[in-house]
Amino acid sequence: MKATNLYAPTLRETPAEAELLSHKLMLRAGFIRKAAGGMYTYLPLAWRTMKKIMQIIREEMDAAGGQEIMMPITQPAEIWQESGRWAVYGPEMMRLKDRHGREFCLGPTHEEMVTTLISGEVRSYKQLPLMLYQIQNKYRDEIRPRFGLMRSREFVMKDLYSFDKDVDGMNISYKKMYDAYSNIFSRCGLKFRAVEADNGAIGGGHSHEFTVLAPSGESSIAFCENCDYAASDEKAELKIIFSEKEELKPLEKVLTPNCHTIELVKNFLNVPIEKTIKAVAFQDDDESLILAFVRGDHEVNEIKILNATGALHLHMAEESAINSVGGCAGFMSPIGLKDGAKIVVDQTVMEMYNAVAGANEVDTHFINVTPKRDFDAEKIIVADIRMVQEGDPCPHCGKKLKMTRGIEVGQVFTLGNKYSKSLNATFLDESGKEKFFEMGCYGIGVGRTMAAAIEQNNDDDGIIWNKNIAPFEVVIVPVNAKENSQLDYAEKIYSELKNFGVDVLLDDRKERAGVKFKDCDLIGYPIRVTVSPKTLENNSVEIKIRRTGEIFNFDREICVEKILELLKNE
RNA sequence: CGGGUUGUGGCUCAGUUUGGUAGAGCACCGUGUUCGGGACGCGGGGGUCGCAGGUUCAAAUCCUGUCAACCCGACCA
């Protein structure tokens, strides 16, 4: 392709709307433009990269046994009502009505669609396993779209659904997808980790998130350098921390005026933070009260609370709800509360001795609290409900965990029969018995993968693409395209490279050299070939590697061969 | 939805405090010089100052309302 025929409006200055580096670079390099909050147009450069990512995904999905289909974006309400998610999904689902007043939604995901599709048509275990996938737009009316393509309301996603006759089969499909995902992100040139993840509201068995490592990432992961354990911060399991045993002292009430935070209590009573118990009050969707207790220096993990209590969504509790069970915000403990709240205590708290906790009265705390003695075991749920912290012991090998940030670009789930059951999708097994399909679902955010690649590979001058997903692998720049001799020389190299199947751009714009060089660096083509009066004179070309800045000069005769060779390493 | 910030040519922003004929740089068009790291000169086009009301002789500027975007929290590929 020739640059005079390429719509790539680069910007000298960064539009004020962008905060995240990848977002800024995509705007500046002429990859995307915003249409509305969380809605973007992919310009030719972005779309070329996305098509390459999608092609890699297709190849790996097909190799794993997937078959591509295309389902409607617009989905009837009925199937969502049948699965029960029409009510559950909430305002995040884009809903609309047709002219007859019938209700539809723009698909945020397609479990209902695909399950309904095969339900009744796939009747025999002999037709299984089956893996169907599609790559298309998804709609989620995010509360707050931000970071460009990282969190948008309309986004391109690959979603594959697996159907198996039993759990063993499902686990095999899961493993195939896990491996395919590893291949995909490796081929995209990304540094990533597959981390154990929580299944969230979707339910089911196990799950991994594929997380591209980047400090700007929104998700936090814990990993072990000693063994291969890695998990999202929400999922990371934690063992009990046993405090040193002490002689039990009698429970005692003390005044702690205005000490409504752990920090204030700790300083006022002059005790180490590890000897304090922190309370956090939540309410579920049905407004039922959930009180969580963790050690003062620990953070509450809301996902673990959901799992421990069976709650659906948590929000911070109203003070009135806290008061209704005899609690007092800022001074809470399980001791002496009225019935009416679910009380969840972190397992580590149960191993504390002579600690400080609220007394459920204003400006008052208990000292010498020993949960095993003082908490009513009948009324509390003891569980692992704390958030992992750097330095916590690895649940597999016990060595210290490290934390890092990342961008979640894909997730694999087993669903079990959650959807086949709710949508009544069955088949006959070997013994002629009717069974529900064992399902899995597997998503990849295509735009987010592109954004993550930029987030991970850039410098002060712009983007640095891996050749497998670069909009073009090679750019040829005649420094002065007004000189026909340079342009002719460049065109010859251009067609030779094209004949070798190289995805090459000829920057034939009649711009000054500096402008073109800046654009090349900004857009981030892996290899730049420069043609100038000097190279013409020597019958050579100059090659610059974007990632390293290395410059090579090759004779004209061997330059194509050399470019092919260099390209292999990018 | 709560908290914060901002809306002025395509982009970045000044002007708003103290009302008085709408500005700069970049980009764009023409032209000449220049030509390997975002050139320079000359000439030019382009803005109902987010929108709607109000106050005033007069509103980008003051008041009321409203919309949108961005940032911080709960969601997720």
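We name chains A, B, ... by the order of the sequence lines, and we start the count at 1 in each one. Since we're looking at a predicted model, the values are computed, not measured.
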Counterpart residues, side chain to side chain contact (heavy atoms under 4.5 Å, CB included), relative to [X] (two or more places apart):
X        : value
A/Gln81  : A/Ala77, A/Glu78, A/Trp86, A/Glu103
A/Ile262 : A/Ile273, A/Thr276, A/Lys278
A/Asn480 : A/Lys482, A/Glu483, A/Gln486

Would you mind reading off the distance between [X] atom [atom1] and [N] atom [atom2], rounded to a whole angstrom?
X        : N     : atom1 : atom2 : value
A/Tyr7   : B/G10 : OH    : P     : 13 Å
A/Arg33  : B/A27 : CZ    : C1'   : 12 Å
A/Arg151 : B/A77 : CZ    : C1'   : 9 Å
A/Leu149 : B/C76 : CG    : P     : 20 Å
A/Glu299 : B/G73 : CD    : P     : 14 Å
A/Glu209 : B/C75 : CD    : P     : 13 Å

| query | Would you find a donor on one side and an acceptor on the other, under 3.5 Å apart, between the side chain of A/Asp346 and the backbone of A/Ile385? | reply |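 Such a contact is found between A/Asp346 side chain and A/Ile385 backbone.
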
Tell me whether A/Glu455 contacts the main-chain N or O of A/Ile407 through its side chain, where contact means a donor paired with an acceptor under 3.5 Å.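 Not at all, since once roles are kept as given, no pair shorter than 3.5 Å links the two residues.
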
I'd like a list of close polar pairs between nucleotides 66-70 of chain B and the protein, N/O only, cut-off under 3.5 Å.
{"unit_1": "B/A69", "atom_1": "O3'", "unit_2": "A/Lys34", "atom_2": "NZ", "d": "2.9"}

Counterpart base for B/G43, defined by Watson-Crick or G-U wobble contacts under 3.5 Å: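 B/G43 is paired with B/C29.
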
| request: Map A/Val156 and A/Glu13 onto RNA chain B by nearest heavy atom, then report which one ends up closer to the 5' terminus. | output: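 Per heavy-atom nearest nucleotide, the more 5' residue is A/Glu13.
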
For residues 29-42 of chain A, tabulate all N or O donor-acceptor pairs below 3.5 Å that involve a side-chain atom, not counting sequence neighbours.
{"unit_1": "A/Arg33", "atom_1": "NH1", "unit_2": "A/Leu27", "atom_2": "O", "d": "2.8"}
{"unit_1": "A/Arg33", "atom_1": "NH2", "unit_2": "A/Pro9", "atom_2": "O", "d": "2.8"}
{"unit_1": "A/Tyr40", "atom_1": "OH", "unit_2": "A/His23", "atom_2": "NE2", "d": "3.4"}

Residues which pass side-chain hydrogen bond (donor to acceptor under 3.5 Å, both in side chains) with A/Arg546, listed by chain and number, not counting sequence neighbours: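 In terms of side-chain hydrogen bond (donor to acceptor under 3.5 Å, both in side chains), with neighbours along the sequence ignored, A/Arg546 is linked to A/Asp459.
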
Return the set of residues passing side-chain hydrogen bond (donor to acceptor under 3.5 Å, both in side chains) with A/Glu537 (not counting sequence neighbours), or none when no residue passes.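 So A/Glu537 forms no side-chain hydrogen bond (donor to acceptor under 3.5 Å, both in side chains) with any residue.
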
For a quick check of understanding: with a heavy-atom distance under 4.0 Å over all strands, which category does [X] fall into, base, sugar-phosphate or nothing?
X        : answer
A/Thr14  : sugar-phosphate
A/Thr211 : nothing
A/Ile444 : nothing

Using the [atom1] atom in both, what is the distance from [N] to [M], to the nearest Å?
N     : M     : atom1 : answer
B/A58 : B/C72 : P     : 44 Å
B/G4  : B/C51 : C1'   : 23 Å
B/A59 : B/U8  : C1'   : 14 Å

- Listed partners of A/Phe517 passing ring pair (Phe, Tyr, Trp, His ring centres under 6.0 Å), at least two apart: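 Applying ring pair (Phe, Tyr, Trp, His ring centres under 6.0 Å) to A/Phe517 gives none.
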
For nucleotides 31-40 of chain B, which of its nitrogen or oxygen atoms have a protein nitrogen or oxygen under 3.5 Å away, and what is each distance?
{"unit_1": "B/U34", "atom_1": "O2", "unit_2": "A/Arg512", "atom_2": "NH1", "d": "2.6"}
{"unit_1": "B/G36", "atom_1": "O6", "unit_2": "A/Ser532", "atom_2": "OG", "d": "2.0"}
{"unit_1": "B/G36", "atom_1": "N1", "unit_2": "A/Glu542", "atom_2": "OE1", "d": "2.9"}
{"unit_1": "B/G36", "atom_1": "N2", "unit_2": "A/Glu542", "atom_2": "OE1", "d": "3.0"}
{"unit_1": "B/G36", "atom_1": "N2", "unit_2": "A/Glu542", "atom_2": "OE2", "d": "2.6"}
{"unit_1": "B/G37", "atom_1": "O6", "unit_2": "A/Arg528", "atom_2": "NH1", "d": "2.8"}
{"unit_1": "B/G37", "atom_1": "O6", "unit_2": "A/Arg528", "atom_2": "NH2", "d": "3.0"}
{"unit_1": "B/G37", "atom_1": "O6", "unit_2": "A/Lys544", "atom_2": "NZ", "d": "3.1"}
{"unit_1": "B/G37", "atom_1": "N1", "unit_2": "A/Asp521", "atom_2": "OD2", "d": "3.0"}
{"unit_1": "B/G37", "atom_1": "N2", "unit_2": "A/Asp521", "atom_2": "OD2", "d": "2.2"}
{"unit_1": "B/G38", "atom_1": "O2'", "unit_2": "A/Arg12", "atom_2": "NH1", "d": "2.1"}
{"unit_1": "B/G38", "atom_1": "O2'", "unit_2": "A/Arg12", "atom_2": "NH2", "d": "2.7"}
{"unit_1": "B/G38", "atom_1": "O6", "unit_2": "A/Arg28", "atom_2": "NH2", "d": "3.2"}
{"unit_1": "B/G38", "atom_1": "N1", "unit_2": "A/Asp519", "atom_2": "OD1", "d": "3.1"}
{"unit_1": "B/G38", "atom_1": "N2", "unit_2": "A/Asp519", "atom_2": "OD1", "d": "3.3"}

